[in-house]
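Following: one structure in structure tokens, then a few remarks.
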Amino acid sequence: MTLGEFNTCVDKYADSLYRFILKSIKSEDRARDIVQDTYEKLWLRVNDVESRNAKSYMFTTAYRTMIDVIRRDKKIHYTEQLPEQDSYKVRPPDLKQTIDAALEKLSEVQKSVLLLRDYEGYSYAEIGEITGLHEAQVKVYIYRARVAMKEYLGHLENVM
């Protein structure tokens, strides 16, 4: 891959790569760090990666880096003070928050394949390449994730 092709990849895929990671881990700073690490790893292997395979390489690398970050965070317990909320104020439900809460109920693999398919628009084969799963496994995980989302969103108390 040439320098021009590398720059084209950065320009072309940076936003979608960032959106995918941000939607999965909900931390803008960490998402930026993961995307930056991904481009650094691509730069270090710029001579080994062909430009036609760069998108797949970047999403695979970002996915694996994200999984490593999630595993590391599970070992570290963060405690933060949550602001006290007035219990008498009732806010209308926010659809984005409700969907995000439903996504948080999914396993990391289910969330990742669902986001790659429905949010980023990848094919089953591409998702399989990115996550290292077989295409049949990808379909099963997506089906189960959609069923879980439907069950969660179907309960009135979760929406309100």
Side-chain angles (χ1 to χ4, degrees), residues 1-2 4-78 95-155 158-159:
M1 175 183 312
T2 65
E5 291 171 335
F6 176 83
N7 289 333
T8 301
C9 286
V10 171
D11 292 339
K12 194 172 182 181
Y13 304 121
D15 291 337
S16 61
L17 191 61
Y18 175 75
R19 279 193 319 265
F20 167 63
I21 299 299
L22 180 63
K23 195 72 174 168
S24 297
I25 63 171
K26 307 283 187 275
S27 171
E28 292 179 4
D29 292 334
R30 289 198 175 170
R32 280 190 218 109
D33 289 344
I34 291 171
V35 171
Q36 184 67 33
D37 287 346
T38 301
Y39 281 116
E40 179 184 4
K41 290 174 184 176
L42 178 62
W43 179 252
L44 293 174
R45 301 222 23 211
V46 73
N47 294 327
D48 301 333
V49 178
E50 295 180 28
S51 62
R52 61 184 169 89
N53 298 333
K55 180 179 179 182
S56 176
Y57 176 82
M58 288 185 305
F59 271 86
T60 301
T61 304
Y63 172 77
R64 291 180 179 161
T65 305
M66 177 187 69
I67 294 299
D68 290 343
V69 167
I70 291 169
R71 287 179 182 155
R72 191 176 22 218
D73 286 350
K74 284 184 180 179
K75 293 179 182 177
I76 302 171
H77 298 287
Y78 294 102
L95 184 59
K96 182 184 178 322
Q97 289 176 345
T98 305
I99 291 173
D100 288 344
L103 281 171
E104 290 303 315
K105 300 291 181 187
L106 301 175
S107 70
E108 293 303 322
V109 174
Q110 287 177 336
K111 185 184 342 178
S112 296
V113 295
L114 185 68
L115 290 173
L116 285 170
R117 177 68 180 168
D118 294 340
Y119 194 67
E120 296 295 332
Y122 285 98
S123 70
Y124 295 118
E126 290 172 323
I127 295 169
E129 284 180 33
I130 291 170
T131 59
L133 300 170
H134 294 288
E135 192 171 332
Q137 290 173 307
V138 170
K139 290 177 183 179
V140 169
Y141 279 123
I142 290 173
Y143 172 77
R144 289 179 182 166
R146 287 177 179 163
V147 168
M149 293 283 290
K150 182 179 176 182
E151 287 177 9
Y152 182 85
L153 295 174
H155 295 290
N158 293 331
V159 178

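Keep in mind it's a predicted model, so treat the numbers as computed, not measured. Residues: numbered from 1 along the sequence shown.
Closest heavy-atom contact between Leu153 and Ala102: CD2-CB, 4.2 Å. Listed here is the closest heavy atom pair of Glu108 and Ile70: OE1-CD1, 3.1 Å. Annotation for Leu103 and Lys111: closest pair O-CE, 3.7 Å, computed over non-hydrogen atoms. Ile142 and Tyr124 make their closest contact through CD1-CE2, 3.6 Å (heavy atoms, listed as atom of the first residue, atom of the second, distance).
A 6.0 Å sphere centred on CZ of Arg19 holds more than 12 heavy atoms belonging to other residues, nucleotides or ligands. Residue Lys26 qualifies as enclosed at atom NZ: its count of foreign heavy atoms under 6.0 Å is above 12.
In this structure, Arg117 CZ and Glu126 CD are separated by 9.5 Å, a value rounded to the nearest 0.5 Å. The line from OG of Ser112 to CD1 of Ile21 is 7.5 Å long, rounded to the nearest 0.5 Å. Here the CD atom belonging to Glu135 is positioned 10.0 Å from the CD atom belonging to Glu129, to the nearest 0.5 angstrom. Distance check: Cys9 SG to Leu42 CG gives 6.5 Å after rounding to the nearest 0.5 Å. Atoms CD1 and OG, from Ile127 and Ser56 in turn, are 11.5 Å apart once rounded to the nearest 0.5 Å. The distance from atom CE of Met149 to atom CG of Leu114, rounded to the nearest 0.5 Å, is 6.0 Å.
Applying the ring pair (Phe, Tyr, Trp, His ring centres under 6.0 Å) test to Tyr122 and every residue at least two apart in sequence or in another chain returns Phe59.
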Throw together a table of side-chain donor-acceptor distances under 3.5 angstrom for residues 34-41, partners on residues two or more places apart or in other chains.
from, atom 1, to, atom 2, distance (Å)
Thr38, OG1, Ile34, O, 2.8
Tyr39, OH, Ala14, N, 3.2
Lys41, NZ, Thr65, OG1, 3.1

_Evaluation steps, side chain to side chain contact (heavy atoms under 4.5 Å, CB included), between Gln137 and Val109_ = CA-CA 10 Å; Gln137 290 173 307; Val109 174; over 6 Å; no
*Start with the C-alpha gap between Ser24 and Phe20, add the side-chain angles, then the distance that decides, and say whether side chain to side chain contact (heavy atoms under 4.5 Å, CB included) holds.*
CA-CA 6 Å; Ser24 297; Phe20 167 63; 4.0 Å; yes
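Here Glu120 does not pair with Lys23 in a salt bridge; the nearest charged N to carboxylate O distance is not below 4.0 Å.
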